[in-house]
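Here is the naming used below: chain letters follow the sequence lines, and residue numbers restart at 1 for every chain.
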Amino acid sequence: MQDYLEKLNPEQRQAVEHITGPLMVIAGAGSGKTRVLTYRIIHLINNNVSPFSILALTFTNKAAKEMRNRIDSIVGKNISRDLWMGTFHSIFSRILRMEAHKLNYPTNFTIYDTDDAKSLIRSIIKELNLDKDIYKVSIIINRISALKNNFITHDQYSNHQELVQTDKIAKRTEFQRIYAMYSQRCLKASAMDFDDLLLNTYKLLNNFPDALLKYQSKFKYILIDEYQDTNHVQYLIIKKLAALHENICIVGDDAQSIYSFRGAKIQNILNFKSDYPDFKSYKLEQNYRSTNTIVETANSLIKHNENQIPKEVWTENEKGEKIILCKCGSDNDEGRLVANTIFEIKMQDQAYPKDFAILYRTNAQSRALEEALRKQNIPYKIYGGLSFYQRKEIKDILSYCRLTINPNDEEALKRVINYPGRGIGNTTMQKLLVTANENNISIWEVMNNLNNYKHNINNGTSKKLVEFVLLIRNYQAQLENKDAYFLAEHIAKSSGVFGDLYNDKSPEGVSRFENIQELLNGIKDFCENTEVNSLADYMKDVALLTNQDNEKQEDFNKVTLMTIHAAKGLEFPYVFVVGLEQNLFPSMMSGESQEDLEEERRLFYVAITRAEKRLFLSFATNRFKWGQYIDCEPSRFLSELNTQYISKTEIISKQKNKFYNNKKQVLKNKFEKKNNTFKLPPNLKKLSTVTKNIKHSDLSKIQNGMKVLHSKFGNGKILEISGDEANKKATIFFENVGQKQLLLKFAKLEII
DNA sequence: ACCTCAAACATTTTT
DNA sequence: TGTTTGAGGT
């Protein structure tokens, strides 16, 4: 039992045995981070710490599950199941359900996923008669999410002038109204979105001292994985929870922080020192995962980032083979290169499909790769894209279930009230919505008491509405005494969804029907493996599940295709990183700023360090994008890699991308391979000036022709000053990004 | 109220 | 390029 300590190196062992007090573990890629976390939990248990008082937070369900399994195998299931271990979102939703009444939510509140949230925002924009081109749903939702993650509620929004100004400039003057309405509608629907789960947990701990004390005393030991990717609210919650015992252990790697777009702050790691001055820290720097070549290549890349905690990742592993960098003519060539290489290595090294991963920056890149793999008959699986639970037919069934548990759930209601068709169309829904808003109640309440409210819905339609209400009531009556599987199956059949799909014999219809059966099987599984098996119990966490959480057995031995973000925490013997082109990786959307660039570089770092044995990098000079062919240049990151570990190859296909249709021709058309024939662009580091610490000059004296420095856009020249004194605008030409108009009041410029 | 077709639109990453 | 939205007809 004690021999687990023997499996650790000195640093790992120190981190495991250091039980009390604040502890920071900086764990380089492949340094056995998960091992330290699991052994530390086991060590706590062996030192008579009750599993109930251990809180372990991870970033994904998968990570939590994996860790739980490892702990199971050492201390047994009956101990490990009492651990509070899971993602931030799942643990906090568990707490919130117990304390919901304090925040005016019912225990069975709904969790809105991103699609629900989007649909709600879309309908608010419509109700307010706003221009949907100015108020883009994706922008609004990201903005609301960012505000929530920084703990700025809709009524606090106006206290932040810079936010108000940004929206003013973008002509989104009604943003606050949308935000406010969104929050109210969520509350009225008894629904929380992902961000609310965090925000409301913080509110709970902040506004209810008894609740705070309860959880502070309960969680005597707190462990947090992937700490570099926690956002501000998460940071605040953890700080509060840990305040009593200060037995907090954070594990992370600043070089792998890749979620700042979602509000993650590397700063949180640095804050740790000031929040817990008597903290202890260990660095895990020995890599057990990759060959020396891969480790050194990754190091050569990441050293281009200025903003990082110094560390030296090293390995005792063998040197390994050189990294292959391949130039391809097109995205299709790239796909075929990858497929051919996999085919060859499988033969040479006796490798299995599951040993390979293909990583890319954006989900859209998977198409060419899939096609090539299919042609080579290589089995593959794709993560990302549409999750199982986001599929239409699944959401339909789940929406009926949601509605049964929480009839105020507006998004679920809108989804199923007329599916299958019941003759309740848009017009009726609009009328209901207006009545609901006028009386500040939910649509369900209006439908429930149609006679009590003023509306002009005719008798025929009213009757249909009443029928629908009765249908849902019938389901509700069975919530208490029937298990989840029975009720879900009953719902699928009696709602008409099952029949509707059964009659659809098109391939899509058949697959939808099968998906629903798969869902029902999943629910059956759930019922058989738990004591609490009501529909409400099943529905609790469904919104928090993702694709990766229900991997099918038959998918086990397949090549993995995924985005680099999704690959975090995973490892594969053979890794292909594709699409290494400017404007794709680094992404076009990541601005010109040093910070954005460094995040993209960390992302590439994560990609490289997934590989155990061999790494293949590739880029295309021509790529199909937005319905047309675009010329591409190799990624600037490629020229940052130490060339001594890289072997360059070029693949020339005689065919043009456009005429790539003739199968036979393609198969016969063997690639021509050339070595070391192409040059990468010069190292671009100098081009992007390091502009993090610009001085904010007094801009009252600004004049035409002055040269200025902007933190994001770099060097520029003032072309014109316009506007009245209070809202002076400057038109500036920036060398790197072209002409921009900035409001001087808020622009951070240095006059040079 | 529902169906059909054409035009517009969209691609960063996710719990 | 594939998907979604909206107009117009039934």
* **Contacts of Thr110(A) that satisfy side chain to side chain donor-acceptor pair (under 3.5 Å) - sequence neighbours left out** =>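 Partners of Thr110(A) under the side chain to side chain donor-acceptor pair (under 3.5 Å) test: Asn406(A), Asp409(A).
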* **Pairing residues for Gln430(A) by the side chain to side chain donor-acceptor pair (under 3.5 Å) criterion, not counting sequence neighbours** =>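 If we apply the side chain to side chain donor-acceptor pair (under 3.5 Å) test to Gln430(A), skipping adjacent residues, there are no hits.
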* Asked: Do Leu561(A) and Leu373(A) come within less than 4.5 Å of each other through their side chains, counting heavy atoms only?
  ->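 Side chain of Leu561(A) against side chain of Leu373(A), heavy atoms only: contact under 4.5 Å found.
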* Any Tyr105(A) side-chain heavy atom under 4.5 Å of Leu96(A) side chain ->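 They are not in side-chain contact.
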Rounded to the nearest Å, what distance is computed from the [atom1] atom of residue [X] to the [atom2] atom of nucleotide [N]?
X	N	atom1	atom2	answer
Phe585(A)	dT13(B)	CZ	C1'	10 Å
Asn142(A)	dT11(B)	CG	C1'	14 Å
His565(A)	dT13(B)	NE2	C1'	4 Å
Gln365(A)	dT13(B)	CD	P	9 Å
Arg262(A)	dT13(B)	CZ	C1'	9 Å
Ile139(A)	dT11(B)	CD1	P	11 Å
Asn418(A)	dC3(B)	CG	C1'	13 Å
Asp331(A)	dT1(C)	CG	P	13 Å

* Determine the contact category for Tyr259(A): base if any of its heavy atoms lies under 4.0 Å from a base atom, sugar-phosphate if only primed atoms, P, OP1 or OP2 are that close, otherwise nothing. =>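 Contact class for Tyr259(A): sugar-phosphate only.
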* To do: Under 4.0 Å between any heavy atoms, over every strand shown, what does Ser90(A) touch: base, sugar-phosphate, or nothing? Just pick one.
  =>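 Contact class for Ser90(A): none.
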* So which pairs with a foot in residues 414-436 of chain A pass salt bridge (Lys or Arg N to Asp or Glu O under 4.0 Å), sequence neighbours left out? ->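 The answer is Asp396(A)-Arg415(A), Glu410(A)-Lys414(A), Glu411(A)-Lys414(A).
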* To do: Tell me which nucleotide among dA10(B), dT12(B), dT11(B) gets nearest to the side chain of Lys136(A).
  =>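 Closest nucleotide to the Lys136(A) side chain: dA10(B).
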* Asked: Which of these nucleotides, dT15(B), dT11(B), dT12(B), is closest to any side-chain atom of Arg361(A)?
  ->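 Side chain of Arg361(A) sits closest to dT12(B).
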* To do: Go through the structure and list residues passing ring pair (Phe, Tyr, Trp, His ring centres under 6.0 Å) with Tyr538(A), not counting sequence neighbours.
  =>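 Expected list: Phe526(A).
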* Set of ring pair (Phe, Tyr, Trp, His ring centres under 6.0 Å) partners for Phe261(A), sequence neighbours left out ->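 Applying ring pair (Phe, Tyr, Trp, His ring centres under 6.0 Å) to Phe261(A) gives Tyr259(A), His565(A).
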* Asked: Given that Phe88(A) and Lys625(A) both sit by DNA chain B, which one's nearest nucleotide is further toward the 5' end?
  ->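 Nearest-nucleotide comparison on DNA chain B picks Lys625(A).
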* Asked: Start at the 5' end of DNA chain B and walk down; is the nucleotide closest to Thr428(A) or to His89(A) reached first?
  ->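 Checking each residue's closest nucleotide, the 5'-ward one belongs to Thr428(A).
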* Asked: Does Thr427(A) put a side-chain nitrogen or oxygen below 4.0 Å from OP1 or OP2 of dA1(B)?
  ->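 So the side-chain polar atoms of Thr427(A) do come within 4.0 Å of the phosphate oxygens OP1 or OP2 of dA1(B), strictly under.
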* For dT13(B), take OP1 and OP2 only and decide whether either is under 4.0 Å from a side-chain N or O of Asn363(A). =>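 Yes, Asn363(A) has a side-chain N/O under 4.0 Å of OP1/OP2 on dT13(B).
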Check nucleotides 2-5 of chain C for protein N or O atoms closer than 3.5 Å to its own N or O atoms and list the pairs.
{"unit_1": "dG2(C)", "atom_1": "OP1", "unit_2": "Arg367(A)", "atom_2": "NH1", "d": "2.7"}

* **Rounded P spacing from dG6(C) to dT11(B) in Å** =>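 Approximately 16 Å lies between the P atom of dG6(C) and that of dT11(B).
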* **Euclidean distance for P, dT4(C) against dT13(B) (whole angstrom)** =>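 That atom pair is separated by 15 Å.
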* To do: Would you please determine if the base of dT1(C) is stacked by Phe624(A), with stacking meaning a centroid separation under 5.5 angstrom and planes under 30 degrees?
  =>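 Answer is no, no stack.
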* Does Asp253(A) pair with Lys33(A) as a salt bridge, N-O distance under 4.0 Å? ->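 Result for this pair is no, no salt bridge flagged.
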